[in-house]
Structures are given as C-alpha cells and as structure tokens.
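Order of the sequence lines sets the chain letters (A, B, ...), proteins ahead of strands, with each chain counted from 1.
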Protein chains: 2
Amino acid sequence: MFCAGVREMSEIRQLSSSDADFQSRLDALLAWESVSDRAVNDTVNNIIAEIRSRGDAALVEFTSRFDGWQAASAADLELPLSRLEQAWNTIPAEQRQALEIAANRVRAYAEHQITDSWSYTEPDGTLLGQQVTPLDRAGLYVPGGKAAYPSSVLMNAIPAKVAGVSELIMVVPTPGGELNELVLAAAHVSGVDRVFLVGGAQAVAALAYGTESVPPVDKVVGPGNIYVATAKRAVFGQVGIDMVAGPSEILIICDGNTDPDWIAMDLFSQAEHDEDAQSILICPDAGFIEQVQASIDRLLPSMERREIIATALRVRGALITVKDMQEAVDVANFIAPEHLELSLENPEAMAKQIRHAGAIFMGRYTAEAMGDYCAGPNHVLPTSRTARFSSPLGVYDFQKRSSLIMASPQGAASMAETASVLARGEGLTAHARSAEYRGKS
Amino acid sequence: MFCAGVREMSEIRQLSSSDADFQSRLDALLAWESVSDRAVNDTVNNIIAEIRSRGDAALVEFTSRFDGWQAASAADLELPLSRLEQAWNTIPAEQRQALEIAANRVRAYAEHQITDSWSYTEPDGTLLGQQVTPLDRAGLYVPGGKAAYPSSVLMNAIPAKVAGVSELIMVVPTPGGELNELVLAAAHVSGVDRVFLVGGAQAVAALAYGTESVPPVDKVVGPGNIYVATAKRAVFGQVGIDMVAGPSEILIICDGNTDPDWIAMDLFSQAEHDEDAQSILICPDAGFIEQVQASIDRLLPSMERREIIATALRVRGALITVKDMQEAVDVANFIAPEHLELSLENPEAMAKQIRHAGAIFMGRYTAEAMGDYCAGPNHVLPTSRTARFSSPLGVYDFQKRSSLIMASPQGAASMAETASVLARGEGLTAHARSAEYRGKS
C-alpha cells in the first residue's frame with residue numbers, strides 16, 4: 001500500500017518523439033495563458049483610480065484592508081534605511097556571508113552588461129551615435145508573506161544600481177505588519193534607496209503615479225500575484241515594466257550519463273516553486289528515463305515540499321524520449337525554456353545550437369539552483385516560450401538610449417536632398433522644406 | 001480681415017517659466033492618454049478569437065469587410081516578391097536613388113548596434129556569459145492608405161535584417177485593393193521576405209498566432225491605428241511587440257540665433273503629421289519667440305497641410321520663454337521628448353546634460369526631418385514622455401540574450417555552499433539539495 005501510494009504520488013507523464021501525436025501532446029503540455037478575468041481587472045482599475053485621485057489616504061486605507069495593519073499616518077508606510085542595516089547586522093552570520101557572496105557575484109556579472117554611449121563621424125563631418133543613460137528612478141516590487149525571496153531582491157535591485165539608477169524604491173507588503181529580516185538584509189546589501197511597506201495593485205499604482213509620500217518612478221520591476229501583474233499591465237506606458245512572468249520552468253537535456261538522482265532533484269527544484277511549475281527531461285536513452293523515474297519515486301517522499309512537487313510533476317511535468325541529441329536540440333528550441341540544463345559532455349557545442357532559452361546551464365556540475373542564487377546571471381528570466389523574443393533581466397533594462405545626430409553643413413546639404421525627395425513622396429512638405437532650408441546654405 | 005484670419009489660424013500658446021502656474025500648465029499641455037474603449041477592445045478580442053479558431057477563412061472575410069476587396073482564395077493574400085522588385089524598377093529614378101541612399105545610411109548606423117555574445121572565465125574555471133541570438137521571425141505592420149510611409153518600412157525592416165532575423169514578414173492593408181508603389185519599393189530595398197495584403201487587428205492576430213498561410217512570428221512591430229495598437233497590446237506575451245506610440249512630438253531648444261523661419265518650419269514639420277502632434281519651442285529670448293511667432297504667421301498660409309498644422313499648434317503647441325539655458329535643459333528633461341532639437345552653439349555640451357530624449361538633433365543644420373528619412377538613426381522613437389524608460393527601435397529589439405553558466409567542479413563546490421544557505425533560508429530545500437549534490441563531488 002505504501003509503495004503504491006508513493007508510485008501514485010510521483011506520477012509524471014512519459015512521451016516519446018516517435019509518438020504519432022507527439023507534437024499535439026507537447027503543445028498541450030506547454031499551453032499556458034495567464035488570464036486576468038474581468039473581476040480582477042475591475043478591482044485593479046478601481047484601486048489605481050483611487051490611488052491617482054486620493055494618494056496617500058487611499059494607500060493607507062488599502063494597506064489596512066488588504067494587509068491587515070493600520071498605519072497611524074502615511075509617514076509610517078516608509079521604513080527607515082537604518083532598519084535595513086539593523087536586519088543586516090542581526091541575521092545569522094552564515095546568511096549574511098551568503099548574501100554578500102551572492103550580491104558580489106551578481107554585481108560582477110551585471111557590470112559586464114553595461115552599455116556605453118558611442119558615436120562615429122562621417123567623412124563630411126556629420127556625427128552619429130547613441131547616448132546611453134540610466135533611468136532616474138526605478139520601483140522594485142517584492143512580494144510579502146510566503147513568497148518573499150531575498151534572492152529576488154538581489155536579482156532585481158543590483159542591475160538597477162549597476163546601471164546607475166539614482167533612486168531605487170522598494171515596496172513590500174507586510175501582511176499583519178510582519179517584516180521579513182532576510183528580505184530587508186538583501187535590500188541593504190543591494191543598495192535599495194527607500195522602502196515602503198505597501199503591496200498589491202495599490203503599491204504598483206503608487207509607484208507609477210506617485211502619492212504625497214511615494215515618488216513616481218520610471219519603471220516598475222519585480223514579481224507578484226495576479227493583482228500585481230494586472231496592475232503592471234495597466235500602468236504600462238505611464239511607466240516601463242519588466243515582463244509579466246508565468247510559472248517557472250526547467251528543461252533538462254541529458255545524455256544519460258549524469259547521476260539520475262541529480263536529474264530528479266533538478267526536476268524537483270523547479271517543481272517545488274508551485275503547482276504550476278514545469279519540469280521536463282529530454283533524453284535519447286529510454287533506460288535512463290526509467291532510472292530517473294526510479295529516483296523520483298525514491299526521493300520524492302523525503303522532500304519537504306513533496307505535495308507541491310508531486311502536483312507540479314503530475315500536471316505539467318514530462319519525461320521525453322527522443323531519437324538523438326539533435327532532436328533534443330530541436331525540441332528545446334521549440335520549447336524555448338526559461339531554464340535549460342545541458343547535462344552532458346561537451347555542452348558548449350550544443351549551447352551554440354540553442355536559439356531560444358532564458359539561461360543555459362552547461363555541464364553536469366551546473367545545477368540550475370546555483371543560477372537562482374549566486375552564479376551571477378539574473379534569475380529573472382523569460383517564461384512560457386517568451387525566450388523566443390525576450391531576455392533575462394539585466395542592466396540594459398535600467399538604461400535607455402537617445403540617438404545623436406549632428407549634421408555638418410556639408411552633410412546637411414546632402415541629407416536635405418534625400419529627405420526632400422522622400423518627404424515629398426509621402427506628401428509631407430513641411431518636412432521637405434525644413435530639410436531644404438539647411439541645404440540652401 | 002485676411003490678416004486677422006491668418007493670425008487666428010496660427011494661434012499657439014505662449015508660456016513663461018516664471019508664470020506661477022507654469023508647471024500645471026505644462027502638465028496639462030503634455031497630458032496624453034490613449035484610450036481603447038470597451039467597444040474597441042471587444043471588437044479586437046472578437047477578431048483575434050476568429051483568426052485563432054478559423055485562420056485563413058476569417059482572414060479573407062475580415063479583409064473583404066474592412067478593406068473592401070475579395071480575395072479569391074487565401075493564396076491571393078500573399079504578394080509575390082517579384083511584385084516588390086517590379087515596383088522598385090518602375091518608380092522614378094530620383095525616388096529609387098533616395099530610397100537607396102536612405103536604406104544604406106539606416107543600415108550603416110544599425111550595424112553599430114549589433115550586440116555580440118560575451119563570456120568570461122573565473123579563476124576556478126567557471127564560465128559565465130551571455131549568448132546573443134536573433135529572433136527567428138518578425139512581423140512588420142505597415143499602415144495602408146494615407147498614412148502609408150515608405151520611410152517606416154525602412155526604419156522597421158532594416159534593423160530586423162541587420163540583427164539576423166531570418167524571416168521578416170510584412171503585412172499591409174490595401175483598401176480597395178490599391179497598392180502603394182513606394183511602400184513596395186521600400187520593402188524590396190529593405191530585404192522583406194514575405195508580404196501579405198492584410199491589415200487591422202486581423203493582420204496582427206494572424207502574425208501572432210499564425211494561420212494556414214501566414215506563419216506565426218515572434219515579434220510584431222510597426223505603427224497602426226487604434227485597432228492595430230489594441231490588438232498589439234492584446235497579443236503581447238504570445239509575441240513580443242514594440243512600443244505603442246502616441247502622437248509625434250518635437251521640442252526645440254534655441255539660443256535665439258537660428259533663422260526664425262527655420263525654427264517655424266521645424267515646428268510645422270512635426271505638426272503636419274496629425275492634429276494631435278505636439279510642437280514646442282523653448283528659448284530664453286522673448287524677442288526671438290516673437291520673431292518665430294511672426295515666421296509662423298507668415299509661413300503657415302503657404303503650407304500644403306496648413307489646416308492640420310494650425311490645429312496641432314493651437315491644441316498642443318507652445319512657445320515657452322525660460323530664464324536661461326540651464327532651465328531649458330531642466331524643462332526638456334521633464335518633458336522627455338521624442339525629438340529634441342538643440343539649435344544653438346556648442347550643442348554637444350548641452351546634449352551631455354540631456355537625460356531623456358528619443359533622439360537629439362544637434363546644431364542649427366540638423367533638421368529633425370533629416371532624421372525621419374535618411375540620417376541613419378531610427379525614426380521609431382519613444383513618445384509621450386516614455387523616453388524616461390525606453391529607447392529608439394534598434395537592432396537590439398530583434399536580438400535576445402541567453403545567460404550562459406558552466407561551473408567547474410571547484411566552482412560548483414563553492415557555489416553549492418552559498419546556494420544551499422540561501423535556498424534553505426527561503427524554505428526551498430529541493431533547490432538546496434540539488435546544489436549540494438554538486439558540492440559533494
């Protein structure tokens with residue numbers, strides 16, 4: 001009975017690329033549409049309208065209603081930086097050291113992403129280029145309660161500070177007024193400039209439009225629940241936003257020669273995030289797939305978050321047998337996974353064939369979990385096949401560009417001719433005449 | 001009477017930064033919210049649903065209903081590339097040459113924007129980096145009818161091809177079946193790979209989800225009306241999109257020593273786009289502002305698009321007197337304009353103080369109109385103050401990044417320690433154990 005129970009618990013679908021219905025089953029497996037229903041949209045739009053019209057007063061009221069604590073005044077919504085430093089000084093030394101190592105590695109990697117201004121001068125003296133500048137002010141949403149992850153603070157805050165954002169404002173709800181010491185310590189080591197104890201759509205609205213206390217920012221980043229995600233979509237345009245993330249995913253391509261326990265645990269590490277998380281293994285060796293299945297069966301009962309893992313594996317997981325490694329690459333490029341582990345010999349050769357993936361973890365020693373915390377690259381990554389067109393969060397998300405054009409008199413005369421012909425071709429004669437004025441001189 | 005009529009026609013508000021209500025009047029001047037009402041949203045959502053469920057059949061029907069021509073079959077929706085070449089060969093030589101010069105300059109500038117992959121190896125042998133790849137397939141929306149601009153084809157298509165997008169698909173509606181030869185010629189010289197004669201929300205839906213004839217793309221770019229913009233917002237997530245643009249804007253900072261006719265014409269060149277376009281001049285010299293006002297009065301009656309220009313200047317234009325050039329910079333940074341002209345001595349020094357602008361046109365010879373057609377930098381630029389957080393369209397919009405991580409055994413052992421402490425701090429023990437496996441070896 002116990003064994004049967006375990007077997008049932010560790011249910012995960014097995015697919016083979018040689019199945020006639022493989023592509024349609026793969027499509028069904030990957031299907032994900034996050035839906036904000038009309039009720040959520042209406043609630044969020046109402047909250048945004050209240051914050052825009054009543055500012056701090058509405059922010060205090062929503063915080064009382066949704067987070068269950070009453071601020072005596074709007075000033076109480078801000079946490080002084082000294083409180084972050086206090087958290088940093090009082091967490092266990094082991095955690096402080098780990099946060100510091102992680103922050104340093106994330107910062108060192110981010111520094112490689114800085115884009116510099118550039119320009120060139122043409123033979124006639126005309127200068128063309130691009131000036132790169134940081135955002136003035138960014139807002140970082142940090143979820144409260146169970147899903148409060150200090151690592152997310154590092155990953156969102158450090159690229160912003162490396163980009164040169166002068167004011168980084170963190171918002172974090174404190175349900176029941178409870179603070180998370182690790183989150184505060186992470187904010188301290190990341191260089192967060194101001195912290196407000198607010199959350200939900202009201203926090204996003206306050207960051208986007210500003211209130212008497214909360215200054216308006218230029219971009220809002222960071223994960224959140226459906227209300228936060230819906231609010232971010234709604235304020236997009238007023239401010240920039242990062243991507244709206246779907247459930248986390250891992251795709252592992254294995255040649256069949258990695259310890260199957262390692263692979264099983266890597267699948268678990270993604271599945272333990274939540275019931276919608278997706279863990280997929282691709283391998284050309286059907287025998288190895290069975291070994292991983294056995295590891296799953298054996299290890300799952302010992303996992304602290306086994307209920308979540310079991311649900312995620314059953315609902316969205318898969319072990320896929322393919323013909324060969326080339327087919328594995330093709331399937332991976334179709335899936336465009338958030339996390340891709342290449343657990344095999346010579347991962348560098350295969351990585352060059354990967355066209356779409358948020359992050360590529362190469363070789364048997366590179367557990368995806370290392371990337372979540374401390375390898376250096378960002379753990380905010382495109383999900384749900386959006387790696388086809390988007391990138392990890394990075395310094396470039398906190399910088400923007402301005403084109404530079406300085407025409408020499410000679411260059412202007414030459415460009416005026418071309419611009420005039422094309423502008424007249426489009427019927428825009430003020431454009432043409434404006435250019436022609438410069439050509440005449 | 002004639003004079004009075006002209007004066008009235010060229011009405012444009014004058015503001016001074018010393019006015020007590022200057023900031024609130026500036027806020028009102030800049031206010032812009034593009035609103036897709038519920039009716040537009042419902043129409044668009046219905047069109048998207050029809051395209052997703054019925055594909056080509058729906059696409060043919062919508063094209064008949066909205067564009068007024070009936071395709072005999074879905075195959076008729078595609079225009080062969082030979083037709084683009086025919087347009088190229090039959091337009092006037094002067095236009096062909098202008099398109100070629102413009103395309104070459106846009107391409108040369110875009111080539112400076114290519115981002116390369118990079119990596120570095122740490123002392124313990126761990127490799128970190130970022131692999132940069134092009135999108136597989138991009139879709140380019142080109143409006144039909146009056147607003148069909150060949151220059152937009154160059155500006156959207158060329159960065160995609162420079163990025164290495166292997167298949168660039170253009171959609172363009174042909175109201176009444178009428179083709180625009182300049183648009184087709186521009187598509188030819190830009191290297192567009194396939195053209196479909198569809199438009200509206202149905203074209204955006206077809207690009208996002210694919211039909212039997214139209215292959216699904218990874219990103220949709222290009223301007224369009226409110227239905228196109230609403231459809232782009234709706235499919236965002238399924239595919240990437242470029243920004244949703246507001247009305248075009250120009251902000252000119254002048255030291256008072258440029259020919260006032262030039263400045264008036266530059267203001268016109270933006271205002272002639274449409275009635276919502278915004279033209280603003282900032283100058284510390286009140287006398288020069290009066291000179292520009294006189295130029296406006298004198299030149300406006302001779303403009304082909306004077307009705308549109310007059311409306312735009314009256315509704316959204318302004319001539320602003322400021323205390324000094326430093327204040328001009330501060331106001332410009334607040335406005336974060338799409339186009340910023342620095343019509344003054346030593347524009348380079350001032351450009352370094354500009355934190356937010358889509359494009360900066362430096363010096364008296366650099367008419368903004370040159371940037372619209374042929375200077376090289378893109379004319380697709382952030383509008384409505386979004387230059388605070390976004391950038392001109394560029395090659396980087398058609399590339400994406402994948403993080404690379406390859407841990408050496410020694411590096412893995414060290415990262416495993418840090419990851420384990422942080423993962424356990426977050427209660428994610430599968431993450432911890434997955435990292436610890438690698439540390440043990």
Side-chain angles (χ1 to χ4, degrees), chain A residues 94-95 98 101-102 109 128 133 135 149 151 182 218-219 240 262 265-266 268-269 272 304 355 357 359-363 365-367 369-371 373-377 388-392 400-407 409 412 415 418-419 421-422 425-426 429-431 433-435 437-438, chain B residues 94-95 98 101-102 109 128 133 135 149 151 182 218-219 240 262 265-266 268-269 272 304 355 357 359-363 365-367 369-371 373-377 388-392 400-407 409 412 415 418-419 421-422 425-426 429-431 433-435 437-438:
Chain A
E94 183 189 52
Q95 290 185 335
I101 292 171
Y109 181 86
L128 298 171
T133 47
L135 275 60
Y149 293 144
S151 57
L182 272 179
D218 302 304
K219 187 165 190 166
W262 294 18
M265 196 60 72
D266 295 351
F268 291 172
S269 75
E272 76 173 336
E304 283 82 350
R355 296 201 312 284
I360 307 175
F361 300 83
M362 298 151 70
Y365 284 94
T366 314
M370 294 172 187
Y373 292 105
C374 62
R388 293 176 295 124
F389 54 84
S390 51
S391 300
K400 69 279 192 303
R401 301 157 160 104
S402 303
S403 306
L404 296 176
I405 311 172
M406 185 162 68
M415 287 194 277
T418 302
V421 170
L422 293 175
E426 293 181 356
T429 47
H431 283 70
R433 290 172 66 176
S434 160
Y437 274 146
R438 275 71 173 193
Chain B
E94 183 189 53
Q95 290 186 334
I101 291 172
Y109 181 86
L128 298 171
T133 46
L135 275 61
Y149 293 143
S151 57
L182 273 179
D218 301 304
K219 188 166 189 165
W262 293 17
M265 195 60 73
D266 295 351
F268 291 172
S269 76
E272 78 173 336
E304 283 82 351
R355 297 200 312 282
I360 306 176
F361 300 82
M362 298 151 73
Y365 284 93
T366 315
M370 294 171 187
Y373 292 105
C374 61
R388 293 177 295 124
F389 54 83
S390 52
S391 300
K400 69 274 190 310
R401 302 159 160 103
S402 303
S403 307
L404 296 176
I405 310 172
M406 185 162 69
M415 287 194 276
T418 302
V421 170
L422 293 175
E426 294 181 354
T429 48
H431 283 70
R433 289 171 67 176
S434 160
Y437 274 147
R438 274 71 174 195

Undergrad: Which atoms of B:Leu404 come close to chain A, meaning under 4.5 Å heavy atom to heavy atom: side chain ones, backbone ones, both, or neither?
TA: both
Undergrad: Can you find a heavy atom in the side chain of A:Phe389 that is under 4.5 Å from one in the side chain of B:Lys400?
TA: no
Undergrad: Between B:Ala375, B:Gly376, B:Gly371, which has the largest tally of heavy atom pairs under 4.5 Å with chain A?
TA: B:Ala375
Undergrad: To the nearest 0.5 Å, what is the distance between CE on A:Met370 and CE on B:Met415?
TA: 5.5 Å
Undergrad: What's the spacing between A:Arg438 CZ and B:Thr366 OG1 if we round to 0.5 Å?
TA: 8.0 Å
Undergrad: Only counting residues at least two apart or in another chain, list the ones meeting side chain to side chain donor-acceptor pair (under 3.5 Å) with B:Glu304.
TA: A:Thr429
Undergrad: Considering non-hydrogen atoms only, spot the tightest contact between A:Pro377 and B:Ile405 and give its length.
TA: CG-CG1, 3.6 Å
Undergrad: Using non-hydrogen atoms only, which part of B:Ser151 is less than 4.5 Å away from chain A: side chain, backbone, both, or neither?
TA: both
Undergrad: Taking all non-hydrogen atoms of both residues, which atom of A:Tyr365 and which atom of B:Pro409 are closest, and how far apart?
TA: CE1-CG, 3.9 Å
Undergrad: Among A:Gly363, A:Cys374, A:Ala430, A:Gly425, which residue has the highest count of heavy-atom pairs closer than 4.5 Å to chain B?
TA: A:Ala430
Undergrad: Determine the option with the most heavy-atom pairs under 4.5 angstrom with chain A, choosing from B:Met362, B:Met265, B:Met406, B:Arg401.
TA: B:Arg401
Undergrad: Please check: side-chain N/O of B:Ser402 versus main-chain N/O of A:Ala357, any donor-acceptor pairing under 3.5 Å?
TA: yes
Undergrad: So which part of B:Thr133 gets closer than 4.5 Å to some heavy atom of chain A, the side chain, the backbone, both or neither?
TA: side chain
Undergrad: Most heavy-atom pairs under 4.5 angstrom with chain A, which of B:Ala369, B:Ser269, B:Ala102?
TA: B:Ser269
Undergrad: Is there a side-chain contact between B:Tyr373 and A:Glu426 in this structure, where contact means two heavy atoms from C-beta onward sitting under 4.5 Å apart?
TA: yes
Undergrad: Shortest non-hydrogen contact from A:Leu135 to B:Arg388?
TA: CG-O, 3.7 Å
Undergrad: Going from OH on B:Tyr109 to OG on A:Ser403, what distance comes out if it is rounded to the nearest 0.5 angstrom?
TA: 4.0 Å
Undergrad: To the closest 0.5 Å, what do you measure between CG (B:Asp266) and NE2 (A:His431)?
TA: 10.0 Å
Undergrad: Output the distance between atom CG (A:Leu422) and atom CD (B:Gln95), rounded to the nearest 0.5 Å.
TA: 7.5 Å
